[in-house]
Amino acid sequence: MGDFDGLVALVTGGGSGIGRSTAELLSRLGARVAVLDLVANGLPEDMLFVRADVTDDQSVRHAVEAVVEHFGGLDVVVNNAGIGAQGDVAASTDDEWLKVYDVNVVGMARVTRACLPHLRKSGAAAIVNTGSIAGTAGLPQRAVYSASKGAVHALTRALAADHIREGIRVNAVAPGTADTPWVRRLLDSAPDPEAERAALEARQPHGRLVTADEVAGAIAYLAGPLSGSTAGTVLAVDGGMDAL
Ligand code: NAI
């Protein structure tokens with residue numbers, strides 16, 4: 001899996017779900033971990049929490065500087081903070097488009113921009129972005145969200161092209177529906193949560209939801225030395241959904 005001893009990792013959206021599992025796994029693999037999120041949400045004491053909103057450039061810059069000051073550098077960035085949106089284009093509003101893009105796409109650019117000067121000094125620099133199956137396959141009633149995640153996949157390739165010669169590898173994961181607090185909130189709001197869960201499980205060829213730990217494993221692979229020649233890829237973690 002790779003050895004993160006001595007490396008510093010920053011995980012955005014690490015307060016919950018996929019981000020939390022990733023922060024915990026990187027910590028177990030030896031990294032010193034900082035979590036950037038709106039809420040700390042009972043973060044383990046050995047991790048540094050930096051409160052910031054990825055839609056606020058100044059708060060992002062302050063948070064990244066606080067991480068570098070605390071740990072003395074930065075090697076791995078997991079751009080994972082994201083929000084969802086349901087519905088088709090006809091039902092969408094401009095406000096919804098701008099809000100989702102502000103978090104999912106521009107937020108990723110803001111964090112990356114603040115981190116790049118530090119990553120250039122690392123010698124083991126990697127960025128892993130959280131995309132989605134929604135950015136690769138056409139899913140019904142997810143128009144705004146899908147467009148934002150398609151942009152994340154394109155941004156990943158553009159960042160890889162711009163920065164691989166500086167020694168910074170950029171890749172993404174594209175999870176299928178994962179069993180996280182986000183998806184549990186969606187299920188709870190459905191008229192029949194059990195039936196909705198069964199439908200989401202059936203949508204994935206391996207017949208179940210993806211676990212946050214499985215996505216974290218893919219992120220750790222792309223963040224670590226075993227993927228040292230991999231840049232600009234979008235790794236599906238979706239039970240075979242994109243293969244069909
Ligand atoms: P989650 O809702 O459990 O966790 C997301 C975290 O991001 C939360 O801690 C939240 O506070 C933080 N966050 C949201 N907006 C923020 C902002 N403006 N600034 C800073 N932090 C912010 O969600 P989950 O499921 O763990 O999703 C994480 C990522 O995985 C997202 O990018 C999502 O699009 C992606 N994803 C999730 C899938 C799923 O089925 N759960 C499937 C494919 C992708």
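Ligands are counted one by one from 1 in listed order, and the atoms in each one are counted from 1 as well.
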- Message: Please list the nearest protein heavy atom to atom 7 (O) of ligand 1 with its residue and the distance rounded to 0.1 Å.
- Response: Gly13 CA, 3.4 Å
- Task: For atom 19 (N) of ligand 1, grab the closest protein heavy atom and report residue, atom and distance to one decimal in Å.
- Result: Val54 N, 3.0 Å
- Within less than 4.0 angstrom of ligand 1, does Ala212 place any heavy atom? no
- Note on the structure: When rounded to the nearest 0.5 Å, the distance separating CZ of Phe4 from OG of Ser27 is 11.5 Å
- Query: What pairs with Phe49 under ring pair (Phe, Tyr, Trp, His ring centres under 6.0 Å), at least two apart in sequence or on another chain?
  - Reply: none
- ligand 1 atoms in contact with Pro181 (distance to a heavy atom under 4.0 Å): 3 (O)
- Query: Taking only heavy atoms of Ile18, which atoms of ligand 1 are found under 4.0 Å from at least one of them?
  - Reply: 26 (O), 30 (O), 37 (C)
- Message: Would Glu24 and Asp213 count as a side-chain contact (heavy atoms from CB on, under 4.5 Å) here? Give the steps.
- Response: CA-CA 9 Å; Glu24 288 172 352; Asp213 283 347; 5.6 Å; no
- Query: How many angstroms lie between CZ in Arg61 and CG in Asp56, if you round to the nearest 0.5 Å?
  - Reply: 11.0 Å
- Best match, Ser59, Gly19, Gly82, Ser21: closest heavy atom to atom 5 (C) of ligand 1: Gly82
- Query: With a 4.0 Å heavy-atom cut-off (strictly under), which part of Thr180 contacts ligand 1: side chain, backbone, both or neither?
  - Reply: side chain
- Item | Heavy-atom closest contact (Val89 atom, Trp97 atom, distance) | CG2-CZ2, 4.3 Å
- Task: Counting heavy atoms only, name the option from Gly17, Gly84, Ser16, Pro175 that's nearest to atom 1 (P) of ligand 1.
- Result: Ser16
- Query: Do you know which two heavy atoms are closest between Asn80 and Gly13, and how far apart they sit?
  - Reply: ND2-O, 3.4 Å
- Shortest protein contact, atom 30 (O) of ligand 1 (heavy atom only): Thr130 CG2, 3.2 Å
- Task: Drop me the distance from Asp53's CG to Thr12's OG1, to the nearest 0.5 angstrom.
- Result: 11.0 Å
- Query: What do we get for Lys149 next to ligand 1 when only non-hydrogen atoms under 4.0 Å count, side chain, backbone, both or neither?
  - Reply: side chain
- Which one of Val183, Asp37, Asn80, Val237 has a non-hydrogen atom at the shortest distance from atom 28 (C) of ligand 1? Asn80
- Should Ile127 and Thr156 count as side-chain neighbours, where that means a heavy-atom distance under 4.5 Å? no
- Message: How far is atom 42 (C) of ligand 1 from the closest protein heavy atom, and which atom is that?
- Response: Gly176 O, 3.1 Å
- Query: Should the proximity of Leu38 to ligand 1, defined as any heavy atom under 4.0 Å, be assigned to the side chain, the backbone, both, or neither?
  - Reply: both
- Message: To check your reading of the model: name the closest protein heavy atom to atom 18 (N) of ligand 1, its residue, and the distance in Å.
- Response: Asp53 OD1, 2.9 Å
- What protein heavy atom sits nearest atom 34 (O) of ligand 1, and how far off is it? Tyr145 OH, 2.7 Å
- Task: Return yes when atom CG of Asp5 has more than 12 non-hydrogen atoms of other residues, nucleotides or ligands closer than 6.0 Å, and no otherwise.
- Result: yes
- Do you reckon Val210 sits in the same ILVMFWY cluster as Leu186, going by side-chain contacts under 4.5 Å, direct or chained? no
- Message: Give me the nearest non-hydrogen protein atom to atom 39 (C) of ligand 1 as residue plus atom name, then the distance to 0.1 Å.
- Response: Ala178 N, 3.5 Å
- Message: Nearest 0.5 angstrom please: Gln58 CD to His62 NE2, how far?
- Response: 5.0 Å
- Heavy-atom contact under 4.0 Å between Arg185 and ligand 1? yes
- Message: Looking only at protein heavy atoms, which one is nearest to atom 27 (O) of ligand 1, and what is the separation?
- Response: Trp182 CE3, 3.4 Å
- Task: Looking only at non-hydrogen atoms, find the nearest pair between Arg110 and Thr55 and report the distance.
- Result: NH1-CA, 3.2 Å
- Query: Between Ala52 and ligand 1, which residue portion shows a heavy-atom distance shorter than 4.0 Å: side chain, backbone, both, or neither?
  - Reply: backbone
